[in-house]
There are 2 protein chains.
Amino acid sequence: MESSISQTEENYLKAIYKIQERASKPASTNAIAAAMSTSAASVTDMIKRLSEKDLVNYERYRGVTMTKDGQRIATTLIRKHRLWEVFLVEKLDFSWDEVHDIAEQLEHIQSAELIERLDEYLEFPRFDPHGDPIPDADGVFTHRKQVLLGEMSANEVGVIVGVQDHTSDFLQYLDRMELTLGTEIKLLEKYAYDDSVKILLSNDKEIVISKKVSQHLFIQKEFLEK
Amino acid sequence: MESSISQTEENYLKAIYKIQERASKPASTNAIAAAMSTSAASVTDMIKRLSEKDLVNYERYRGVTMTKDGQRIATTLIRKHRLWEVFLVEKLDFSWDEVHDIAEQLEHIQSAELIERLDEYLEFPRFDPHGDPIPDADGVFTHRKQVLLGEMSANEVGVIVGVQDHTSDFLQYLDRMELTLGTEIKLLEKYAYDDSVKILLSNDKEIVISKKVSQHLFIQKEFLEK
DNA sequence: ACATATTTTTAGGCTAATCTAAAAATTTAT
DNA sequence: ATAAATTTTTAGATTAGCCTAAAAATATGT
């Protein structure tokens with residue numbers, strides 16, 4: 001009897017997974033509370049329940065790490081979320097800044113068959129509309145060599161492949177600047193004064209972007225994409 | 001401030017709507033309890049809450065009827081359910097006996113924009129894979145003149161346009177018998193002994209079907225479909 | 001190292017949705 | 001029309017998930 005898991009529990013697992021992705025330390029109660037927009041007390045409550053179900057490892061005052069079972073649930077959620085985002089953008093013509101909230105709901109639909117058929121229908125995409133990798137059915141992510149635009153040097157070239165910041169404001173800014181995924185760029189100059197950079201776009205336009213923007217754009221150097 | 005409505009509340013409203021569809025009397029507590037597979041006590045509880053929100057009219061011991069607001073929520077759910085069923089069958093290649101449970105979850109996704117875009121993507125279907133009408137965005141159902149096969153007389157012709165029984169067993173039986181939607185049939189003979197009927201299919205096969213089956217198949221007489 | 005600040009947990013309560021058992025109202029049958 | 005059967009409601013509990021306030025544990029700064 002595989003004890004069923006609630007949407008709320010799923011959301012906690014996803015949050016914990018994402019926190020652990022960056023920090024290799026256990027996820028702290030406060031970090032989880034912040035991610036879930038809830039109180040630390042509620043997090044402690046939930047952690048105990050998840051621990052009871054062996055989805056996380058918990059030692060009080062020591063934070064939580066994920067078990068294999070917990071990780072599997074989290075990566076499946078991420079897989080579903082990102083596949084639905086592809087569907088919304090590719091098939092229903094939503095723009096990349098509109099899909100997050102809907103995918104947040106769709107990711108909780110329970111049907112392994114559904115998600116495998118959706119994957120096939122979408123022709124097995126490996127990245128979502130924001131350039132984030134879509135894990136396969138075993139939870140394995142495609143790895144891609146990428147750097148932040150802000151870390152590149154003058155005269156280096158590359159292709160925009162992802163974003164760090166998923167807010168509507170940022171995505172809409174990128175649309176207006178024609179800095180969409182797949183755009184080839186060349187870094188022309190870095191201005192030490194404010195760390196802004198001048199880049200050349202494939203349409204021959206030259207634009208200057210702020211440090212902040214340059215630190216939120218992932219670039220794949222050269223054009224090795226076969 | 002439109003007080004939000006839970007999935008559970010939505011499911012109750014849909015159940016009440018479907019009960020009221022057939023009987024013009026108020027829906028009884030027991031009928032709702034049966035439809036929701038829950039206890040009468042739970043239904044009374046929920047009815048009070050729905051009544052508080054003006055989604056149903058409730059007088060104790062007198063059953064419930066729906067308000068305009070309640071009806072709107074119910075028909076929107078039915079619209080979403082049926083559109084998702086079309087999607088699952090037409091795009092993801094599910095068969096008509098596999099889609100109910102998944103659509104039961106998908107119908108609760110909250111986004112008016114999503115459902116309108118889905119409708120467009122599916123090219124505004126007016127019937128779902130079982131032949132049930134899909135209400136428009138205003139909750140209006142397409143009306144179709146149809147009779148049960150069991151109500152037809154010898155030598156009458158028509159097209160299979162819907163089913164009364166949505167169980168997998170029945171739908172799979174129809175698949176095996178090639179009695180799918182759109183099939184043209186001619187009623188050859190009725191056997192008074194057990195009310196079974198012999199019909200002629202478009203592929204020139206003659207088959208005999210039981211009373212039970214004949215009472216679960218909707219037929220549109222002649223071929224007036226433009 | 002020890003006082004202070006921070007983080008985490010515990011304690012106690014709330015709400016939505018459920019349950020069972022018992023009471024009340026309504027319907028049916030004689 | 002009144003007793004019996006049925007339906008519906010009430011009463012009282014339970015669980016998941018949340019809250020605030022207070023207590024306990026850990027971390028930090030001098």
Side-chain angles (χ1 to χ4, degrees), chain A residues 1-16 19-20 22-66 70 73-74 77 104-105 108 110, chain B residues 1-16 19-20 23-66 70 73 77 104-105 108 110:
Chain A
M1 60 200 71
E2 67 295 328
S3 65
S4 80
I5 181 160
S6 73
Q7 269 187 221
T8 310
E9 289 171 321
E10 286 191 337
N11 285 334
Y12 271 93
L13 289 172
K14 197 170 66 147
I16 295 167
I19 290 164
Q20 285 228 278
R22 316 230 122 215
S24 38
K25 296 186 251 181
S28 75
T29 303
N30 265 358
I32 300 167
M36 296 295 296
S37 307
T38 188
S39 70
S42 300
V43 173
T44 302
D45 251 26
M46 177 58 83
I47 282 170
K48 283 181 191 162
R49 252 171 284 142
L50 294 176
S51 173
E52 205 56 46
K53 296 184 180 185
D54 282 314
L55 299 172
V56 299
N57 305 117
Y58 172 55
E59 252 184 294
R60 56 202 215 307
Y61 291 103
R62 288 282 114 95
V64 292
T65 57
M66 306 198 79
I73 292 171
L77 276 174
E104 205 70 16
Q105 300 177 64
H108 297 291
Q110 302 284 1
Chain B
M1 58 200 73
E2 67 295 328
S3 64
S4 81
I5 181 161
S6 72
Q7 268 187 221
T8 309
E9 288 172 321
E10 286 190 338
N11 286 334
Y12 270 94
L13 289 172
K14 198 170 67 147
I16 295 166
I19 290 166
Q20 286 228 277
S24 39
K25 296 185 252 181
S28 75
T29 302
N30 265 358
I32 299 167
M36 296 295 296
S37 307
T38 188
S39 70
S42 301
V43 172
T44 302
D45 250 28
M46 178 56 83
I47 283 170
K48 284 181 191 161
R49 253 170 285 141
L50 294 175
S51 172
E52 205 56 47
K53 296 184 179 184
D54 281 313
L55 298 173
V56 299
N57 306 116
Y58 172 54
E59 252 184 295
R60 59 201 213 309
Y61 291 102
R62 288 281 114 98
V64 293
T65 58
M66 306 199 78
I73 291 170
L77 276 174
E104 205 70 15
Q105 299 177 63
H108 297 291
Q110 303 284 359

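Each chain gets a letter, A, B and so on, in the order the sequences are listed, and its residues count up from 1.
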Kindly list each side-chain donor-acceptor pair under 3.5 angstrom involving residues 41-50 of chain B, sequence neighbours excluded, with atom names and distances?
{"residue": "B:Ser42", "atom": "OG", "partner": "B:Ser39", "partner atom": "OG", "Å": "2.9"}
{"residue": "B:Thr44", "atom": "OG1", "partner": "B:Ala40", "partner atom": "O", "Å": "3.2"}

| Would B:Met66 and B:Leu55 count as a side-chain contact (heavy atoms from CB on, under 4.5 Å) if you check the C-alpha gap in whole Å, the side-chain angles of each, and the deciding distance to 0.1 Å? | CA-CA 6 Å; B:Met66 306 199 78; B:Leu55 298 173; over 6 Å; no
| said: Any side-chain to backbone donor/acceptor pair from B:Gln7 onto B:His108? Under 3.5 Å, distance only. | reply: no
| What is the nucleic acid contact for B:Thr8, judged by heavy atoms within less than 4.0 Å: base, sugar-phosphate only, or nothing? | sugar-phosphate
| Any luck finding a side-chain donor-acceptor pair between A:Gln105 and B:Gln105 under 3.5 Å? | no
| request: Could I get the full list of side-chain contact (heavy atoms from CB on, under 4.5 Å) partners for A:Glu104, not counting sequence neighbours? | output: A:Lys14, A:His81, A:His100, A:Glu107
| Taking only residues two or more places apart in sequence, or in another chain, which ones meet A:Asn57 in a side-chain contact (heavy atoms from CB on, under 4.5 Å)? | A:Thr65, A:Thr67
| Residues that B:Glu9 engages under salt bridge (charged side-chain N to carboxylate O under 4.0 Å, His left out), provided they are two or more places apart | B:Lys53
| Would B:Glu10 and B:Gln110 count as a side-chain hydrogen bond (donor to acceptor under 3.5 Å, both in side chains) if you check the C-alpha gap in whole Å, the side-chain angles of each, and the deciding distance to 0.1 Å? | CA-CA 12 Å; B:Glu10 286 190 338; B:Gln110 303 284 359; 3.2 Å; yes
| said: How would you summarise protein contacts on nucleotides 5-12 of chain D per nucleotide, using B for base, S for sugar-phosphate only and - for none, with heavy-atom distances below 4.0 Å? | reply: --SBBB--
| message | In this structure, how many angstroms lie between the C1' atom of C:dT18 and the CD1 atom of B:Ile32, rounded? | response | 16 Å
| said: Nearest whole Å is fine: how far is D:dA16 P from A:Met36 CE? | reply: 17 Å
| Is there a side-chain polar atom (N or O) of B:Ser39 under 4.0 Å from OP1 or OP2 of C:dC19? | yes
Check nucleotides 14-16 of chain C against the protein and report each pair of N or O atoms closer than 3.5 Å, with its distance, or say if there are none.
none

